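Below you'll find the structure, written out as structure tokens, and then a few comments.
Ligands are counted one by one from 1 in listed order, and the atoms in each one are counted from 1 as well. A quick note: this is a predicted structure, and the numbers were derived from the prediction, not measured.
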Amino acid sequence: MSTARRKNVNKVTTHVLQAMKEQGEKISMLTAYDFSLAKIVDDAGIDVILVGDSASNVMAGHDTTLPITLDQMIYHASSVMRAIKRALVVVDLPFGSYQGNSKEALSSSIRIMKESGAHAVKLEGGLEVKESIIRILSAGVPVMGHLGLTPQSINKFGTYTVRATEDDEAKKLMEDALLLEELGCFSIVLEKIPAALAKQVSSQLKIPVIGIGAGKYVDGQVLVLHDMLGINQGFSPRFLRRYLNLYDDIKGAISNYAKDVKKKDFPNESEQY
Ligand code: KIV
């Protein structure tokens with residue numbers, strides 16, 4: 001086998017994710033927005049990297065995901081793409097770049113694919129964005145759906161509480177999920193919905209269903225990297241498992257550096273030329 005072909009063997013594709021679902025192997029997914037952390041996430045063997053519009057919150061400090069622009073998403077996605085060797089990279093279409101009409105949705109998706117080299121796009125919603133999904137897919141761009149808590153609609157719902165707890169909302173979510181599969185989405189994310197409903201969706205759908213705050217009976221899990229590393233301290237939903245407390249570790253290291261500078265301990269003789 002040629003080197004070029006061998007290098008591609010372990011790459012995660014949408015087909016690999018489908019095979020994982022069929023074989024009962026859970027899919028791991030995390031966000032990343034920059035070269036350095038994306039490299040670590042990829043080296044750690046995460047299957048899917050999401051360049052999420054949560055960059056608007058964790059990278060830029062906005063209260064919502066609404067302000068981030070298409071240019072900024074492309075900047076983050078390009079940085080991530082320079083780092084990865086194996087993961088499938090999915091990029092969020094930002095608010096306002098796909099809801100207007102399907103041509104705009106296609107041209108936003110093409111810009112992301114062409115300028116960053118990413119592998120797929122993700123967008124929020126079901127029936128409302130049907131035409132956009134059809135047009136993006138018709139250009140050969142893989143689409144991941146996103147249902148349940150859809151942060152780009154925060155001004156409509158007013159809160160980030162659990163979604164689809166009432167029968168009518170749960171029914172619409174199931175219909176939307178089936179529609180996204182029928183249209184040709186390769187996967188969907190379910191955010192912050194009851195575990196029993198997520199279980200029902202993932203058992204009815206053939207495509208992989210990735211959950212965040214959607215319980216264990218789905219085909220994979222996604223978390224925001226900065227949340228699970230404990231860089232953000234102010235965000236503690238029930239579904240978040242913190243694997244590190246990096247805020248304290250980084251702050252400790254930085255204040256030790258500042259102290260060393262103040263007391264003229266840094267640099268020492270061996271740290272200078
Ligand atoms: O932008 C994001 O990080 C997301 C995840 C919460 C799924 O969409």
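One side chain, Thr69 or Gln72, offers a donor N or O that lies under 3.5 Å from an acceptor on the other.
Distance check: Ile210 CD1 to Ile212 CD1 gives 11.5 Å after rounding to the nearest 0.5 Å.
Under the 4.0 angstrom criterion for non-hydrogen atoms, Lys122 is in contact with ligand 1. Judged by the shortest distance from any of its heavy atoms, Glu124 lies outside the 4.0 Å radius around the atoms of ligand 1.
Every atom of ligand 1 with a heavy atom of His146 under 4.0 Å away is listed here by number and element: 8 (O). Less than 4.0 angstrom separates some heavy atom of Asp92 from each of these atoms of ligand 1: 1 (O), 2 (C), 8 (O). Counting the atoms of ligand 1 from 1 in the order shown, those under 4.0 Å from a heavy atom of Thr31 are 3 (O). Near Ile212, with a cut-off below 4.0 Å to any heavy atom, the atoms of ligand 1 are 6 (C).
Environment of NZ in Lys39: sparse, with no more than 12 heavy atoms of neighbouring residues, nucleotides or ligands closer than 6.0 Å.
In summary, of the residues considered (Ile207, Leu137, Val90), a side chain to side chain contact (heavy atoms under 4.5 Å, CB included) with Phe186 occurs for Val90 alone. Evaluated for a side-chain hydrogen bond (donor to acceptor under 3.5 Å, both in side chains) with Arg86, the options Asn10, Asp42, Asp47 yield exactly one hit, Asp47. Exactly one residue among Asp92, Thr64, Asp53, Thr65 makes a side-chain hydrogen bond (donor to acceptor under 3.5 Å, both in side chains) with Gln152. That residue is Asp53.
Of the protein's non-hydrogen atoms, the one nearest atom 5 (C) of ligand 1 is Leu50 CD2, 3.7 Å.
When side chains are defined from C-beta on, Glu124 counts as touching Tyr98, because their heavy atoms get closer than 4.5 Å.
Contacts with ligand 1 closer than 4.0 Å are made by side-chain heavy atoms of Val224 only, the backbone lying farther away. With a heavy-atom cut-off of 4.0 Å, Thr65 does not touch ligand 1 at all.
Inclusion of Glu191 in the set of residues having an N or O under 3.5 Å from an N or O of ligand 1 is not warranted. No N or O atom of Tyr33 sits closer than 3.5 Å to an N or O atom of ligand 1. An N or O contact shorter than 3.5 Å links Ser54 to ligand 1 by distance.
Ring-plane geometry between His76 and Tyr33 is classed as perpendicular, the angle between the planes exceeding 60 degrees on a 0 to 90 degree scale with a lower cut at 30.
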